[in-house]
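First comes the structure, then the notes that go with it.
Atoms considered below: every heavy atom in the structure, side chains included; atoms not considered: hydrogens, waters and symmetry mates.
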Amino acid sequence: MLDILDPNQTDLDELSKIQKKIAKKVIKKDEIETPKSVAGCDISFSEENQAYAACVSFTYPDLEKIKEKSIEVEVDFPYIPTFLAFRELQPMLKVVKKIDTDVYMIDSQGLAHPRRAGLASHLGVIIKKPTIGVAKNRLCGEGYKPSPEKGAYTYLKDNEEVIGAIVRTRTDVKPVYVSIGHKISLEKAIKITLNTAPKYKIPEPIRAAHKLATEKMKAT
DNA sequence: GCGACAG
DNA sequence: ATCTTGTCGC
């Protein structure tokens with residue numbers, strides 16, 4: 001069972017093994033040249049166990065909203081650094097299957113994870129679709145600070161291995177951490193991230209998903 | 001042992 | 001993630 005959450009599987013060593021198996025299945029090459037659509041996914045929490053997941057799709061590269069969906073679900077797994085997928089994968093899967101798109105942008109790390117299996121990669125491998133990890137903060141690895149201009153980026157490395165990129169989506173604003181989720185190259189992931197962030201630091205699809213999830217959460 | 005640590 | 005006022009800057 002290299003799948004997802006198992007009630008009796010609270011042993012972190014076991015969960016680490018699951019992540020290592022997921023990591024082996026990650027495809028780091030482009031499945032598509034230019035996506036026609038891209039969706040953003042995010043989750044908001046009211047109480048520690050009440051989750052509101054949202055997914056919003058847009059045309060690419062025009063960024064016109066196509067469709068949006070949200071769901072509410074209870075989660076029983078706590079937030080533990082490097083094990084985020086075991087807390088957010090279920091809600092994400094539930095909302096993602098309501099939105100069909102060429103690429104999914106996830107508010108998390110992909111390969112830029114200690115075991116190369118961040119939430120974005122875990123989700124991509126399970127749904128077998130292209131995913132990109134776009135995180136606001138670093139989980140692991142190191143890299144030089146990119147130049148202050150929008151579009152500048154440096155590579156995030158874990159020793160000699162490139163695991164992602166530190167991308168400046170807005171001039172003079174703290175950069176985001178982009179990494180391969182699944183079925184996409186790092187270069188393409190960076191390109192899509194920059195093309196979907198014409199105005200704000202956070203790519204439009206993720207911003208829209210975050211906004212929708214938060215609204216649903218507050219409405220409860 | 002100590003510090004770091006996606007959301 | 002979420003809790004929160006003011007404030008600097010275009």
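Remark: the backbone N or O of A/K201 is paired with a side-chain donor or acceptor of A/T169 at under 3.5 angstrom. A distance-only check finds no donor-acceptor pair linking the side chain of A/R170 to the backbone of A/K150 [under 3.5 Å]. Side-chain N or O atoms of A/T154 include none that pairs as donor or acceptor with a backbone N or O of A/G143 at under 3.5 Å. For the pair A/T196 (side chain) and A/P203 (backbone), a donor-acceptor distance under 3.5 Å is absent. Without hydrogens or angle criteria, A/T101 side chain to A/V38 main chain gives a donor-acceptor distance under 3.5 Å. For the pair A/K183 (side chain) and A/K128 (backbone), a donor-acceptor distance under 3.5 Å is present.
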Quick tally for nucleotides 3-10 of chain C: nucleotides whose base has a protein heavy atom under 4.0 Å get B, sugar-phosphate-only ones S, the rest -, giving --------
Where protein sits on nucleotides 1-7 of chain B, one letter per nucleotide: B base, S sugar-phosphate only, - none, heavy atoms under 4.0 Å: ---SBBB
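For A/F83, the ring-ring contact (aromatic ring centres under 6.0 Å, His included) test picks out no residue, with sequence neighbours left out.
Between A/Y153 and A/Y155, the ring center distance clears the sub-6.0 Å criterion.
For the segment residues 182-201 of chain A, the set of residues with a heavy atom within less than 4.0 Å of an atom of DNA chain B is empty.
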Could you spell out the base pairing of DNA chain B as a dot-bracket line? Use Watson-Crick and G-U wobble contacts where both distances are under 3.5 Å, [ ] for crossing pairs, | for partners on a different strand. .......
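Within a 6.0 Å radius of CD in A/E48, other residues, nucleotides and ligands contribute 12 heavy atoms or fewer. More than 12 heavy atoms of other residues, nucleotides or ligands sit less than 6.0 Å from atom CD of A/E187.
Counting heavy atoms from C-beta outward, A/I66 and A/T59 have side chains that approach closer than 4.5 Å.
Taking Ile, Leu, Val, Met, Phe, Trp and Tyr as hydrophobic and joining them when side-chain heavy atoms fall under 4.5 Å apart, one finds A/I163 in a cluster with A/L156, A/I166, A/Y177.
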